[in-house]
K.L.:
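Could you have a look at this structure, given as structure tokens, before my questions?
What's counted below: heavy atoms across the whole structure, side chains too, no hydrogens, waters or symmetry copies.
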Amino acid sequence: MKRLTRVVLATLLLSSMMLSLCACSNQKEINTARAFCETFCEDVKSGDADKLLTYLGETDVTSKDLKELISPSVFNSEENVFSSAVKESIRYNVQDPIYDYKAKTATVYISWGEADYNSEAAKSSRTVSEFKTALTTSSETIITTSVTVDLNGETPRILNAKEVIDAVYEFNTVDHGIMPGVLSDYYKNGSLVLAPNGVYSNTDSIGVRIDFDKELFNYRFIPGITYTVSRGEEVLFASEVINLDEDSLRLDFTSDMAGETGLNEDGFLLDGKYTFFVYDEHAKKIDSFECTVKNEVIEPELIEFEDYKEDYYLSNLVYEFKDSDLMGDSVVVKSGWWDYDGTSVGKSAFASNTKVIGFSLAVSSEKEDELYYEYYYSEESDFEGINEMDPVYQGSCYPSAYDKQYCYDLDYPSTEFKPGFYGLVVYGDKAKKHIVFTAACIVVEETSDDVIDG
């Protein structure tokens with residue numbers, strides 16, 4: 001019995017030693033397989049097609065095939081950004097190889113992490129920048145793969161490398177709803193705005209309208225557009241990127257964009273041939289439009305005031321619209337002479353101790369044009385004989401917001417106002433040739449205290 005026990009113990013000890021020796025002898029192969037897989041994974045992550053091709057051995061797959069999988073040549077800029085953003089998020093984890101010492105192969109499980117491009121935040125992104133931000137906050141998608149490493153030769157070989165590459169880069173083969181092609185593929189037509197025969201006369205703005213196919217807005221990541229305006233060879237204006245939210249878009253070149261040097265004395269664009277060039281935000285041309293600006297000499301409009309008696313100014317609001325466009329945009333009931341310092345003594349009358357004469361012209365909120373104005377003084381209510389080249393005050397203003405009302409504050413401040421009649425002339429152009437509105441008021445000899453006491 002003792003002999004049997006010794007034999008069993010000796011057998012167990014020998015078996016244990018053999019397993020230990022096998023484990024030690026296999027560790028080199030296990031380490032080799034793991035290191036080889038980590039190098040492979042790094043090459044998969046970097047997307048180097050030429051390096052990846054070396055893992056495939058005898059195969060019909062070419063370097064070009066791998067490049068098309070990793071970075072498809074048919075992708076446009078938006079699709080490339082999408083692909084690059086997901087690719088940058090790739091990470092991997094190589095597990096310990098399971099070694100088959102008889103077959104001299106190792107099975108290695110690899111888990112891949114990719115940003116979840118199907119998360120709600122990512123799928124609802126309408127722009128590339130929104131999508132990239134969404135990826136940084138979304139959870140990961142885990143892809144589990146396994147490879148067989150053949151260690152029979154002088155160098156290791158991965159027997160199913162292509163399967164892993166396909167699995168990791170599957171996101172490049174899925175339709176993500178991104179606009180295919182280029183923006184010009186969806187362009188329908190365009191035309192100059194309000195330019196019969198391509199000619200503008202005496203204008204402070206020119207423009208074009210461009211139209212796109214409504215199908216465009218079924219896609220994500222629609223690129224924006226830019227445009228430039230040139231006069232001859234000189235580039236006068238270059239826009240920032242404009243996002244496309246509708247299928248029809250108007251692009252303007254205004255006097256503000258032209259600046260002082262781009263306008264004549266009447267505030268109109270200089271004569272010449274102007275060209276609009278329209279591009280997508282990647283500088284790919286969409287269309288161009290050419291027009292001509294021709295200016296005619298404009299004579300200043302005559303200043304005219306109606307002749308009213310003094311008591312009419314006390315009991316009535318004295319004004320006249322000269323421009324139908326401004327009248328349609330203005331609110332008469334909320335317009336009138338404004339009493340800044342409590343010196344008003346009538347509808348269109350101020351006491352002599354007033355410090356500000358001002359007319360508040362109420363307009364719609366859409367009215368954003370600058371108005372120019374002048375004040376004239378006369379001893380007579382008809383203003384006959386005034387020197388139109390010598391106003392007593394001149395200024396300009398944009399509408400100011402008051403609660404839900406917008407008003408032009410056409411103010412004339414002064415330390416002293418002589419008794420008599422004051423005429424307000426409002427112009428729609430900086431050259432002050434086009435009169436859009438006039439109003440008149442009277443300053444009486446009495447001070448406001450005299451009027452009140454009386």
Side-chain angles (χ1 to χ4, degrees), residues 202 204 255 260 263-268 297-310 312-314 316-323 325-327 330 332 335-341 343-363 367 369-400 407-445:
N202 295 55
D204 59 3
S255 56
E260 294 287 341
L263 306 175
N264 64 18
E265 63 175 7
D266 294 323
F268 299 132
V297 176
I298 298 177
E299 297 296 334
E301 296 176 5
L302 295 177
I303 298 174
E304 295 180 339
F305 294 98
E306 292 191 41
D307 185 8
Y308 295 112
K309 294 183 179 179
E310 181 174 320
Y312 191 90
Y313 289 86
L314 297 174
N316 293 276
L317 179 63
V318 179
Y319 70 90
E320 184 178 3
F321 283 100
K322 306 284 189 178
D323 188 298
D325 289 338
L326 181 67
M327 182 172 64
S330 302
V332 177
S335 299
W337 293 101
W338 195 255
D339 186 11
Y340 284 99
D341 49 15
T343 56
S344 173
V345 295
K347 290 284 187 178
S348 299
F350 293 90
S352 59
N353 61 332
T354 187
K355 299 301 180 186
V356 180
I357 291 175
F359 196 98
S360 178
L361 181 61
V363 294
K367 191 73 175 178
D369 299 331
E370 185 175 14
L371 293 182
Y372 306 85
Y373 64 96
E374 296 174 336
Y375 276 89
Y376 292 87
Y377 171 76
S378 174
E379 293 182 356
E380 304 298 329
S381 64
D382 60 3
F383 291 86
E384 186 175 350
I386 63 169
N387 182 357
E388 295 185 8
M389 302 300 293
D390 188 26
V392 293
Y393 185 81
Q394 52 189 328
S396 66
C397 64
Y398 289 95
S400 299
C407 296
Y408 284 99
D409 297 326
L410 307 166
D411 299 337
Y412 167 24
S414 179
T415 57
E416 181 181 1
F417 286 94
K418 294 191 299 183
F421 298 90
Y422 290 83
L424 166 65
V425 184
V426 182
Y427 302 90
D429 61 311
K430 195 171 184 178
K432 298 178 182 176
K433 294 184 177 181
H434 175 53
I435 300 173
V436 297
F437 180 79
T438 61
C441 68
I442 185 174
V443 172
V444 300
E445 292 186 4

K.L.:
Is it the case that the side chains of Tyr312 and Glu310 hold a donor-acceptor pair, with the cut-off being a distance below 3.5 Å and no angle test?
P.N.:
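Checked: Glu310/Tyr312 side chains show no N/O donor-acceptor pair below 3.5 Å.
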K.L.:
Taking Glu445 for its side chain and Pro419 for its backbone only, find out whether a donor-acceptor pair lies under 3.5 Å.
P.N.:
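Checked: no pair found.
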K.L.:
Of all residues at least two apart in sequence or in a different chain, which pass the ring-ring contact (aromatic ring centres under 6.0 Å, His included) check with Tyr427?
P.N.:
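With sequence neighbours excluded, Tyr427 shows a ring-ring contact (aromatic ring centres under 6.0 Å, His included) to no residue whatsoever.
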K.L.:
Quick one: does any side-chain atom of Trp338 pair with a main-chain N or O of Leu361 as donor and acceptor, under 3.5 Å?
P.N.:
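The answer is no, because no donor-acceptor pair under 3.5 Å joins these two groups.
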K.L.:
Could you pull out all residues at least two apart from Glu370 that satisfy side chain to side chain contact (heavy atoms under 4.5 Å, CB included)?
P.N.:
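Glu370 satisfies side chain to side chain contact (heavy atoms under 4.5 Å, CB included) with Tyr372, Ser396, Tyr398 only.
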K.L.:
Are Glu320 and Lys322 ion-paired here, with the side-chain N under 4.0 Å from a carboxylate O?
P.N.:
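Salt bridge between Glu320 and Lys322, a charged N being under 4.0 Å from a carboxylate O: yes.
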K.L.:
Answer yes or no: is there a donor N or O on one side and an acceptor on the other, between the side chain of Tyr373 and the main chain of Asp411, under 3.5 Å?
P.N.:
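Indeed, once roles are kept as given, a pair shorter than 3.5 Å links the two residues.
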K.L.:
How would you list, by chain and number, every residue that makes a ring-ring contact (aromatic ring centres under 6.0 Å, His included) with Phe421, sequence neighbours excluded?
P.N.:
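Expected list: Tyr313.
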K.L.:
Between Tyr375 and Tyr422 (judged by ring centroids, cut-off 6.0 Å), do the two rings come close enough to count as a pair?
P.N.:
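Tyr375 vs Tyr422: aromatic centres not under 6.0 Å.
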K.L.:
Roughly how far, to the nearest 0.5 Å, is the CG atom of Asp390 from the OH atom of Tyr376?
P.N.:
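Reported to 0.5 Å precision, the distance equals 8.5 Å.
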K.L.:
Hey, what do you get for CG (Leu263) to CG (Asp204), rounding to the nearest 0.5 Å?
P.N.:
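Rounded to the nearest 0.5 Å, the CG-CG separation comes to 8.0 Å.
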K.L.:
Check whether any side-chain N or O of Tyr340 sits under 3.5 Å from a backbone N or O of Gly358 as a donor-acceptor pair, and report yes or no.
P.N.:
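Pair absent, no side-chain N/O of Tyr340 close to backbone of Gly358.
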K.L.:
Looking at Cys441, is its backbone amide N or carbonyl O close enough to the side chain of Ser348 to form a donor-acceptor pair, meaning the two atoms are under 3.5 Å apart?
P.N.:
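Judged by distance alone, no pair lies under 3.5 Å.
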K.L.:
Please determine whether a side-chain nitrogen of the Lys or Arg among Glu301 and Lys433 lies less than 4.0 Å from a carboxylate oxygen of the Asp or Glu.
P.N.:
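Looking at Glu301 and Lys433, the cut-off is not met.
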K.L.:
Do Asp409 and Ser360 have side chains that get closer than 4.5 Å, going by heavy atoms?
P.N.:
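Yes, at least one pair of side-chain atoms sits under 4.5 Å.
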K.L.:
Who are the side chain to side chain contact (heavy atoms under 4.5 Å, CB included) partners of Asp369, not counting sequence neighbours?
P.N.:
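With neighbours one apart ignored, the set is Lys367, Tyr408.
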K.L.:
Are Thr343 and Asn353 linked by a side-chain donor-acceptor pair shorter than 3.5 Å?
P.N.:
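Asn353 and Thr343 do not have a side-chain donor-acceptor pair below 3.5 Å.
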K.L.:
Under a 3.5 Å distance rule, please check whether Lys355 uses its side chain to pair with a backbone N or O of Thr415 as donor and acceptor.
P.N.:
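Yes, because the side chain of Lys355 sits within donor-acceptor range (under 3.5 Å) of the backbone of Thr415.
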K.L.:
Can you list everything that forms a salt bridge (Lys or Arg N to Asp or Glu O under 4.0 Å) with Glu260? Sequence neighbours excluded, please.
P.N.:
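For Glu260 the salt bridge (Lys or Arg N to Asp or Glu O under 4.0 Å) partners, ignoring immediate neighbours, are Lys430.
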K.L.:
According to side-chain hydrogen bond (donor to acceptor under 3.5 Å, both in side chains), who are the partners of Tyr393, at least two apart in sequence or on a separate chain?
P.N.:
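Tyr393 satisfies side-chain hydrogen bond (donor to acceptor under 3.5 Å, both in side chains) with no other residue.
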K.L.:
So, does Asn387 use its side chain to make a donor-acceptor pair with the main chain of Met389 at under 3.5 Å?
P.N.:
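Judged by distance alone, yes, a pair lies under 3.5 Å.
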K.L.:
Are the side chain of Ser330 and the backbone N or O of Leu326 linked by a donor-acceptor pair below 3.5 Å?
P.N.:
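The answer is yes, because a donor-acceptor pair under 3.5 Å joins these two groups.
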K.L.:
Short question: side chain of Ser381, backbone of Tyr308 - any donor-acceptor pair under 3.5 Å?
P.N.:
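Judged by distance alone, yes, a pair lies under 3.5 Å.
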